**Student:** 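Have a look at this one.
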Amino acid sequence: MLRSFAVQAVRPIIKSSLNRCFSEGSVLRMSSCTQVSSMEPHKVKEWLDSFDTVMTDCDGVLWVGAEAIPGSPQIINRFRALGKRVFYVTNNSTKHRREYKDKVDKLGFGGDLEDIIGTAYLAASYLEDSGFDKNKKVYIVGSSGITQELDDVGIQYLPIGIEEKIDMDPNFKLTGMRDAGLYDTDINAVIIGFTRNYCLKNIIAATQFLKNPDCQLIADSPDPTFSLRDEENTKFLIPGTGSMVAAVATAAGRDPIVLGKPNRLMFDIVQKRHPSVVPERTLMIGDRADTDILLGKNCGLQTLMVGTGVHSLEKVQEWEVSSDESEKRLVPDKYIDRLGDLLDMISHL
């Protein structure tokens, strides 16, 4: 299946230096960012003609929560009408690809199951492709998106939430460790994805399993934060999977295997399935520079940042004049406030 490239997953420590993680031979695009809104119509057409494949992040680009960002469904469908193949690439592991398929259909984006690449799928594919012993098990900090993908490849796992059996009394005596499976010697991987229920018990369990040198620490995503809105439509940044992994990595003294963006496994999967996909004729769209845009840079793709998620045009302009080469790598090729703003620019094409 994916053996030829799954082993290329790199093992960066999750910290600010993550944005220096790029593959050998990647293409450095150090040019300044162009605002699409300022481009002449013939330049927009030239740009559209320069790519055949679109890889797009989802949260903050296509939708926020359960609501599509206005214009995004229409532009994705317009891309397809212009003959471009669209892939959804997300660092969100909370859903199986079937659930994402339901969501993109419900919100009007469309697409096939094979067009959806999430980090739950990446985690299962990585273990399957690296020859994980199926007599062994996985401890999961995450959601059913991961367990369903593991079910698809026949890999066993401890029940999600089993660490809740652990308790600590006021004198710091632990109980329930055996009931929580912490004496199990068959755990050969710890997978950490996003969960709303993350707590000290997860760190205790993961750290115990990782005492086994054969047990792998796998992070499905390096994202330290992501954005949500409250009932007043105010945007907040909350801790993401990268923050959760950092606590376990610190406690266990282990470097994680990071599968999600900006590491190139997602693009490798697309190329494996569709050998005709050419990096320089592929556009990566995202709202976060240190994952989405860096994935593009790491793989030699064209990049487009939208301003509806984590990073803003103001940050891009700061990076353009920065003396830090790692910050300059965060600068996208193009920027637009909202993906749907492209509609009027290409409606005549």
Side-chain angles (χ1 to χ4, degrees), residues 1-2 5-12 14 18 21 55-63 87-101 103-104 113-130 132 138-153 155 157 160 189-196 198 206 216-226 238-246 248-249 256-270 272-273 284 286-288 290-292 294-296 298-299 309-310:
M1 291 173 60
L2 307 174
F5 56 83
V7 294
Q8 296 176 11
V10 295
R11 296 166 169 80
I14 297 183
L18 186 87
C21 173
M55 294 176 61
T56 180
D57 181 47
C58 299
D59 296 286
V61 176
L62 305 181
W63 59 69
F87 293 94
Y88 304 104
V89 290
T90 175
N91 276 359
N92 187 336
S93 66
T94 61
K95 296 179 177 64
H96 186 281
R97 286 166 296 145
R98 289 186 294 268
E99 295 174 87
Y100 273 111
K101 177 67 168 68
K103 184 167 186 174
V104 297
L113 188 67
E114 68 172 15
D115 298 336
I116 301 167
I117 303 169
T119 45
Y121 172 66
L122 284 184
S125 297
Y126 174 80
L127 290 178
E128 170 79 356
D129 210 58
S130 60
F132 185 81
V138 177
Y139 171 62
I140 300 167
V141 180
S143 67
S144 61
I146 298 173
T147 62
Q148 291 177 61
E149 295 285 5
L150 292 178
D151 286 337
D152 288 350
V153 296
I155 292 177
Y157 49 85
I160 285 182
V190 172
I191 298 177
I192 302 182
F194 181 77
T195 173
R196 293 175 296 174
Y198 188 77
Q216 304 177 76
L217 173 57
I218 299 173
D220 74 7
S221 160
D223 295 21
T225 59
F226 66 99
I238 71 168
T241 303
S243 299
M244 299 174 186
V245 176
V248 173
I257 300 167
V258 183
L259 300 181
K261 299 171 289 183
N263 297 318
R264 60 174 299 132
L265 187 58
M266 281 183 170
F267 183 68
D268 288 338
I269 286 180
V270 171
K272 182 70 174 181
R273 290 173 174 172
M284 177 65 212
D287 67 301
R288 187 177 193 116
D290 54 357
T291 54
D292 303 321
L294 269 185
L295 173 66
N298 294 343
C299 300
V310 174

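On a predicted model such as this, the values are computed, not experimentally measured, just so you know.
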**Student:** Please check this pair: side chain of Y157 against backbone of L150, looking for a donor-acceptor N/O pair closer than 3.5 Å.
**Tutor:** no

**Student:** Indicate yes or no: at least one non-hydrogen side-chain atom of T291 is less than 4.5 angstrom from one of P222.
**Tutor:** yes

**Student:** About how many Å separate CD1 of I192 and OG1 of T119, when rounded to the nearest 0.5 Å?
**Tutor:**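 T119 atom OG1 to I192 atom CD1 measures 12.5 Å (nearest 0.5 Å).
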
**Student:** List the atom of A124, the atom of I155, and the distance in Å for their closest heavy-atom pair.
**Tutor:**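 Closest pair (atom of A124, atom of I155, distance): O-CD1, 4.5 Å.
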
**Student:** Are side-chain heavy atoms of L62 and K103 found at a separation under 4.5 Å?
**Tutor:** no

**Student:** Run the salt bridge (charged side-chain N to carboxylate O under 4.0 Å, His left out) test on E114 and R97 for me, step by step, so that the C-alpha distance in whole Å, both residues' side-chain angles and the decisive distance to 0.1 Å come before the verdict.
**Tutor:** CA-CA 8 Å; E114 68 172 15; R97 286 166 296 145; over 6 Å; no

**Student:** For the residue pair V190 and A206, what are the closest heavy atoms and their distance?
**Tutor:**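 Answer, listing the atom of V190 first, then A206: CG1-CB, 3.9 Å.
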
**Student:** Taking 4.0 angstrom as the limit, do R288 and D292 come out as a salt bridge?
**Tutor:**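 Looking at R288 and D292, the cut-off is not met.
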
**Student:** Apply side-chain contact (heavy atoms from CB on, under 4.5 Å) to the pair M284 and V89, showing each step before the final yes or no.
**Tutor:** CA-CA 9 Å; M284 177 65 212; V89 290; 3.8 Å; yes

**Student:** May I ask you to test the Q216-L127 pair for a side-chain heavy-atom distance under 4.5 Å?
**Tutor:**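 A side-chain contact under 4.5 Å exists here.
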
**Student:** Determine the minimum heavy-atom distance between K95 and E99, stating which atoms define it.
**Tutor:**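 Closest approach of K95 to E99, heavy atoms only: CA-OE2, 3.5 Å.
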
**Student:** How many angstroms lie between atom CD of E149 and atom CD1 of I191, to the nearest 0.5 angstrom?
**Tutor:** 10.5 Å

**Student:** Which atom pair, heavy atoms only, marks the closest approach of P239 to F194?
**Tutor:** O-CE1, 3.5 Å

**Student:** As a test of understanding, state which of D220, T241, T195 forms a side-chain hydrogen bond (donor to acceptor under 3.5 Å, both in side chains) with S93.
**Tutor:**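 It is D220; the other options fail the test.
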
**Student:** Test side chain to side chain donor-acceptor pair (under 3.5 Å) on T90 and N92 and set out the steps.
**Tutor:** CA-CA 5 Å; T90 175; N92 187 336; 5.0 Å; no

**Student:** Could you tell me whether the side chain of M244 reaches within less than 4.5 Å of the side chain of V141, counting heavy atoms only?
**Tutor:**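 Not in contact.
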
**Student:** Can you tell me how far the OG1 atom of T94 sits from the OH atom of Y100, to the nearest 0.5 Å?
**Tutor:**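 Spacing of OG1 (T94) from OH (Y100) equals 4.5 Å.
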
**Student:** If you look at every heavy atom in P262 and L294, which pair is closest and at what distance?
**Tutor:** CB-CB, 3.5 Å

**Student:** Rounded to the nearest 0.5 Å, how far apart are CG of N298 and CE of M266?
**Tutor:**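 Between atom CG of N298 and atom CE of M266 there are 13.0 Å.
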
**Student:** Donor-acceptor pair, T147 side chain versus S144 backbone, under 3.5 Å?
**Tutor:**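 Confirmed, T147 side chain pairs with S144 backbone.
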
**Student:** F267 vs I117, test: side-chain contact (heavy atoms from CB on, under 4.5 Å). Steps then yes/no.
**Tutor:** CA-CA 9 Å; F267 183 68; I117 303 169; over 6 Å; no

**Student:** For the residue pair Y88 and T56, establish whether any side-chain heavy-atom pair is separated by less than 4.5 Å.
**Tutor:** yes

**Student:** My understanding is that only one of V153, I269, I116 makes a side-chain contact (heavy atoms from CB on, under 4.5 Å) with Y121; could you say which?
**Tutor:**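 Of all the options given, the one that passes is I269.
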
**Student:** CD1/I257 to CG/L217 distance, rounded to the nearest 0.5 angstrom?
**Tutor:** 7.5 Å

**Student:** Can you tell me how far the CG atom of N263 sits from the CG atom of D268, to the nearest 0.5 Å?
**Tutor:** 10.0 Å

**Student:** Is the backbone of K261 close enough, under 3.5 Å, to the side chain of N91 for a donor and an acceptor to pair up by distance?
**Tutor:** yes

**Student:** Is there a side-chain contact between D152 and E128, using heavy atoms and a 4.5 Å cut-off?
**Tutor:**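 No; the side chains remain at least 4.5 Å from each other.
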
